[in-house]
Asks: 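Questions regarding the structure given below will be posed in turn.
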There are 2 protein chains.
Amino acid sequence: MNLILLFEDDFTAPDKVSISGRRVEHILKVHRAKIGDILTVGLLNSKIGTGKILAIDIQQIEMEVTLDYDPPKPIPLTLVVALPRPKMLKRILQSVASLGIKKIYLINSWRVEKAFWSSPLLEPERLKDELILGLEQAKDTILPQIHLKRLFKPFVTEELSILTKGSSNNKPIALAAHPKAALPCPQNINQSAILAMGPEGGFIDIEIETLEQAGFSTVNLGRRILRLETAVPFIVSKLF
Amino acid sequence: MNLILLFEDDFTAPDKVSISGRRVEHILKVHRAKIGDILTVGLLNSKIGTGKILAIDIQQIEMEVTLDYDPPKPIPLTLVVALPRPKMLKRILQSVASLGIKKIYLINSWRVEKAFWSSPLLEPERLKDELILGLEQAKDTILPQIHLKRLFKPFVTEELSILTKGSSNNKPIALAAHPKAALPCPQNINQSAILAMGPEGGFIDIEIETLEQAGFSTVNLGRRILRLETAVPFIVSKLF
């Protein structure tokens, strides 16, 4: 936790918070903080600043906070990713949030195991918990939005095909990572992007066709096949 | 497993192998392979090719193999990384191997918990197991070398300082990732590199000084602090 994320509910006065639970545990155990210490804090979907510890007990910490600067800029990337297995999903969400991606679609695909869709991790509060860990890691406050799309074809043909068109002054580049693609992933694109990533084993051919019809270009990452958690930061770093 | 890694011991004839254990389980469960199927295979530290399944039982698979092309090129990067917690180490090793990094130093640092050095995961065979998972993921065969260095200062001042000097025709660029650094990480360096990455919480100031004296330049990755498993592919993608 490089930043302690605060919520509206934490405020007891305009410049005072009282926090509890996981954050207190972390501040005591990892930061080993004491009264008078100053920590980096940020208000969810708002500014960043400092919190001076006024009082500590095992369950609560009171801080005086000053929120005076903006969180880091988001990355203008919409990530469309085939739902990974729950264990990997947790890490992916943390990683994606830490990278500054603010719009995520978790979608179905032929090779996604049906059982993944029953994971309790897909409950909104659980998803939010993982994203918050990523924000706290990266010193960010802006919560990414996650959308679950269980039907591949209607989502790609009806919704994604509109997103790839963009608006008159902002047409994003739409890329699908695909090991068989002829073109390499472009670099430093300097525009917004939509990136589709397949499941383990990749999108099947008909899915790639559907994505292409919706405006996506397929690109490869070289000969090496990377796991999702390695591929996402790798591509983000290439594109931006 | 996008490639089934073979070992000298698997060969029963110059073009025949008999494999067992984890690989058989994976081929039956994930590939759902049957007699006559052709799989991508590679010989450890050697060539890649195809294996045609001749016989299957629950414990063994026999294949006729042809090894006729080279593995993907390695990345000319030496990674020097503060020993992460065992759970993360597993993932990092897999990720690093999949990215094509062939030389890894796991080092001590002020913020590395002492207990991490007692992890059974640090036994050579266990380290190798994780690296092999990364090779199989990325369709590579060349096993990375790992060196454990429990004494920070002698390692950096005596060994690393020689590595950063390089040879007359190949002087690597030596970088230490450090959130407080003034310079951003360079892009597409087109030369070999040595990259030092700190533990959670980063290298302490005296460690950064020691690295600088050994020839390292500190670089930042922007305002966001990324976890090791996200930062490594992010930097590799920037550099190469």
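Because the structure is a prediction, the values reported are computed rather than measured. Letters A, B, ... mirror the listed sequences (proteins, then strands); counts begin at 1.
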Asks: Could you check whether atom NZ of B:K52 has more than 12 heavy atoms from other residues, nucleotides or ligands sitting under 6.0 Å from it?
Replies: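 No, not enclosed.
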
Asks: With rounding to the nearest 0.5 Å, note down the distance linking CZ in A:R224 to CG in B:N2.
Replies: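 One finds 12.5 Å between CZ of A:R224 and CG of B:N2.
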
Asks: For the interface with chain A, which of B:E229, B:K238, B:K73 has the highest count of heavy-atom pairs at distances below 4.5 Å?
Replies: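 Heavy-atom pairs under 4.5 Å are most numerous for B:K238.
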
Asks: Do A:I225 and B:Q137 have side chains that get closer than 4.5 Å, going by heavy atoms?
Replies: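 Result yes, sub-4.5 Å side-chain heavy-atom pair found.
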
Asks: Between A:I48 and chain B, which part of the residue has a heavy atom less than 4.5 Å away: side chain, backbone, both or neither?
Replies: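 Looking at A:I48, just its side chain touches chain B.
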
Asks: Is the number of heavy atoms from other residues, nucleotides or ligands within 6.0 Å of CG (B:N190) greater than 12?
Replies: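 At most 12 heavy atoms, drawn from other residues, nucleotides or ligands, come within 6.0 Å of this atom.
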
Asks: Can you establish whether the number of heavy atoms outside B:K102 located under 6.0 Å from its atom NZ is more than 12?
Replies: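 Atom NZ in B:K102 is packed in, count exceeds 12.
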
Asks: How close do B:F234 and A:S237 get, counting heavy atoms only, and between which atoms?
Replies: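 Where B:F234 meets A:S237 most closely, the heavy atoms are O-OG, 2.6 Å.
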
Asks: Looking at A:A231, A:A138, A:G201, A:G222, which makes the most heavy-atom pairs under 4.5 Å with chain B?
Replies: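 With the most close heavy-atom pairs to chain B, the winner is A:A138.
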
Asks: Given a strict heavy-atom distance threshold of 4.5 Å, which part of B:L99 is in contact with chain A: side chain, backbone, both, or neither?
Replies: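 For B:L99, heavy atoms of backbone and side chain both lie under 4.5 Å from chain A.
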
Asks: I'd like to know which of B:N188, B:L3, B:L221, B:V30 tops the heavy-atom pair count under 4.5 Å against chain A.
Replies: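 When all of B:N188, B:L3, B:L221, B:V30 are compared, B:N188 has the most.
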
Asks: Which of the residues A:Q187, A:Q94, A:K139, A:E200 is involved in the greatest number of heavy-atom pairs with chain B at under 4.5 angstrom?
Replies: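 Among the listed options, the one with the most contacts to chain B is A:Q187.
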
Asks: Measure the spacing between CZ of B:R227 and OG of A:S98 and express it to the nearest 0.5 Å.
Replies: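 So the CZ of B:R227 and the OG of A:S98 are separated by 9.0 Å.
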
Asks: Counting only non-hydrogen atoms closer than 4.5 Å, does B:P71 touch chain A with its backbone (N, CA, C, O), its side chain (CB onward), both, or neither?
Replies: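 For B:P71, the backbone is the part near chain A, not the side chain.
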
